[in-house]
J.: 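The following block contains the structure, expressed as C-alpha cells.
Below, all heavy atoms of this structure are taken into account, side chains as well, without hydrogens, waters or symmetry copies. Order of appearance sets the numbers: ligands from 1, and atoms from 1 within every ligand.
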Amino acid sequence: MKPTDSVSSQVEAHNRPLLPVAEALQQIREAIDPIKGNILCHLKEAYGHIVANDILSPIAVPGYDNSAMDGYAFHAEDLSDSEAKTLKLIGKSLAGDPFDGALHPGECVRITTGAMIPEGTGFVVMQEQTTIDGEQITIQPEHKIDAHIRRAGEDIARGGVVFEPGQKIGAAELGLLASLGVSEIEVIRPLRIATFSTGDELASLGQPLGEGQIYDSNRYALYGLIKELGATHIDMGIIRDTREAVASAFEEAANIADVVITSGGVSVGDADYVKETLERMGAVNFWKIAMKPGKPLAYGKIGNAWFFGLPGNPVSSMATYIKIVRPNLEYLAGQSATVPLRLTVKTIDPLKKRPGRADFQRGILSYEGDELVVRTTGHQGSHVLSSMSRANCFIALSAESGSVAAGEMVEVEPFGTTL
Ligand code: AMP
Ligand code: MG
C-alpha cells in the first residue's frame, strides 16, 4: 500500500458514520450460518455444549405415583367434609420399599416422601395433621382428593420432548437428563476459535517487561470468555508486527479454526500489518461502532473462517466481544438466541456521558436496604481493566443520552445473566 493510499483510506475511515450496536449485530447475523457436525458424548462431557436434536424422554417422570409428604395414605371414600375419621393402620410404604397390597376404605398406610402410592389411595395427609394412637390414625375433615400425590408423568411424559436443538447444557440439564436415565446425547461439535494478540509492545507471561512493554492481558480475558462459551480455544499467542508473521498467523488460524479473533491493530491510524493482511487475504469490514468502550471492530471472512478483529484496549476488547461478538458466536455454535437481562435501577453516583455513542459503563449493583441500586466503578478509561473485574454489570446508556444525575433511573445489564 502506498503512503498516499494509506492516508486517503484513513481519512475515509475517519469520516465514515458510526455504526449502531444493533445494526452491527444484525449485519453479522445475516451473513453467518451455524456450524454443522454433531458428536455423541457421555453426559458429563456434554456440559457447556449445545443440544443437536430433539431429546425425547425414554420414561415418565415421576415414573410412578408417589407421595409429596411424610404422612398417611387413605382411600377416597374416607374423605369427609364434616367429621373426623379414625382409620386402621395396615402397613407402610417407604421410599424404595413399597407397600405390598391394596388400600380399602377404613384403612390407611404410613407413607414417606417419594414412596410409591399404594393401590386404592385417594389422598395423603401429612403426619402433622394426624393423631396417632397405636394402630388407630385419626384425621380431621376437609382434606382433598389427590392431596400430596405426585402423579406419574406429571413433570415429563414418556416420549415427550425434554430439550430442543439449541439448548445449552448446564447443571440443571445434566441432572434432568440423568433423572431420565439418559447417559449419552448428541451435541453440536464445539466451535473452534483461534485467537491471537498483535502488537510489538506486548510481552508474554513469564517474560520480564522491557521498557514500554505491557503484558498481553487480552489473551487471557479471551481465554476465559471462550471457555464460558463452551468453545474450543486455539491460543496462538502474540504475533509480532511483521508482514510475514501476521500473514502466516492468519493463514494458519483460518485453516484450523471456524472463527479467528484477534485483538489490537484494527484502529484507524494503526501502523500494524494486520489491516493490510486482512485486506489482502479476505473480505473484511473495518467498522467504527457507536459504542463506548470500543469503537473499532473488524469483521468478515478469511479463507473459510469468520473473522473478528477486536480493539486492543482491554476493556474495549471485552466489551466489544460481549456486546457484539459473543451473540454471534453463540449463533454460530447453534445455540438458541439469548438477550441480556436488563433492569432499571437508581444510580447512586452521577454518570458522565456525551451523546453520540451507546455507553456500557462499568457498574456495581448492590442492595441498599430493599432497593437495588448501582454505583460506578469510577474511572471509565478503556485501559482500566480492574473496572471490569470490580463491576458486576454494565450500566447501559443509550447513544442519545447525555450525563446522568445521581438519583436518576438507569438501565443495567448484570454480567452473566441472559434470558
Ligand atoms: P491497538 O488497538 O493495537 O491500537 O491497541 C490499543 C491499546 O491497547 C494500546 O494501548 C495497546 O498497547 C493495548 N493493547 C493491545 N493489545 C493488547 C493486549 N493483548 N493486551 C493488553 N493491552 C493491549
Ligand atoms: Mg497495536
J.: Against heavy atoms of E201, which atoms of ligand 1 measure under 4.0 Å?
T.: 11 (C), 12 (O), 15 (C)
J.: Is the NZ atom of K292 crowded by more than 12 outside heavy atoms at less than 6.0 Å?
T.: no
J.: Show which atoms of ligand 1 fall inside a sub-4.0 Å distance from at least one heavy-atom site of S263.
T.: 19 (N)
J.: Mind checking whether S197 contacts ligand 1 via backbone (N, CA, C, O), side chain (CB onward), both or neither, at a 4.0 Å heavy-atom cut-off?
T.: side chain
J.: Evaluating non-hydrogen atoms only, which member of G312, P314, P311 is closest to atom 15 (C) of ligand 1?
T.: G312
J.: Could you list the atoms of ligand 1 found under 4.0 angstrom from a heavy atom of I214?
T.: 12 (O), 21 (C), 22 (N), 23 (C)
J.: Is the closest basic N to carboxylate O distance between R151 and D146 below 4.0 Å?
T.: yes
J.: Quick one: sort the F250 and F307 rings into parallel, tilted or perpendicular, breaks at 30° and 60°.
T.: perpendicular
J.: Which ligand 1 atoms are under 4.0 Å away from a heavy-atom of G265?
T.: 1 (P), 2 (O), 3 (O)
J.: Would you say ligand 1 has an N or O under 3.5 Å from any N or O of D216?
T.: yes
J.: Does even one non-hydrogen atom of R219 get within less than 4.0 Å of ligand 1?
T.: no
J.: Considering only heavy atoms of Y215, which atoms of ligand 1 have at least one such atom less than 4.0 Å away?
T.: 20 (N), 21 (C)
J.: List ligand 1 atoms under 4.0 Å from S217, heavy atoms only on the residue side.
T.: 20 (N), 21 (C)
J.: Between S93 and I117, is there a donor-acceptor pair closer than 3.5 Å when you use the side chain of the first and the backbone of the second?
T.: no
J.: Stepwise, does the ring pair (Phe, Tyr, Trp, His ring centres under 6.0 Å) test hold for Y321 with F308?
T.: CA-CA 9 Å; Y321 173 92; F308 297 96; 8.7 Å; no
J.: Checking D65 side chain against A152 main chain: does a donor-acceptor pair fall under 3.5 Å?
T.: yes
J.: With distance as the sole test, does Q127 use its side chain to make a donor-acceptor pair with the main-chain N or O of R110 at under 3.5 Å?
T.: no
J.: Is L202 touching ligand 1 with its side chain, its backbone, both, or neither, if touching means heavy atoms under 4.0 Å apart?
T.: side chain
J.: Under a heavy-atom criterion of less than 4.0 Å, does G199 contact ligand 1?
T.: no
J.: Could you tell me how the ring of F415 sits relative to the ring of F394: parallel (under 30°), tilted (30 to 60°) or perpendicular (over 60°)?
T.: perpendicular
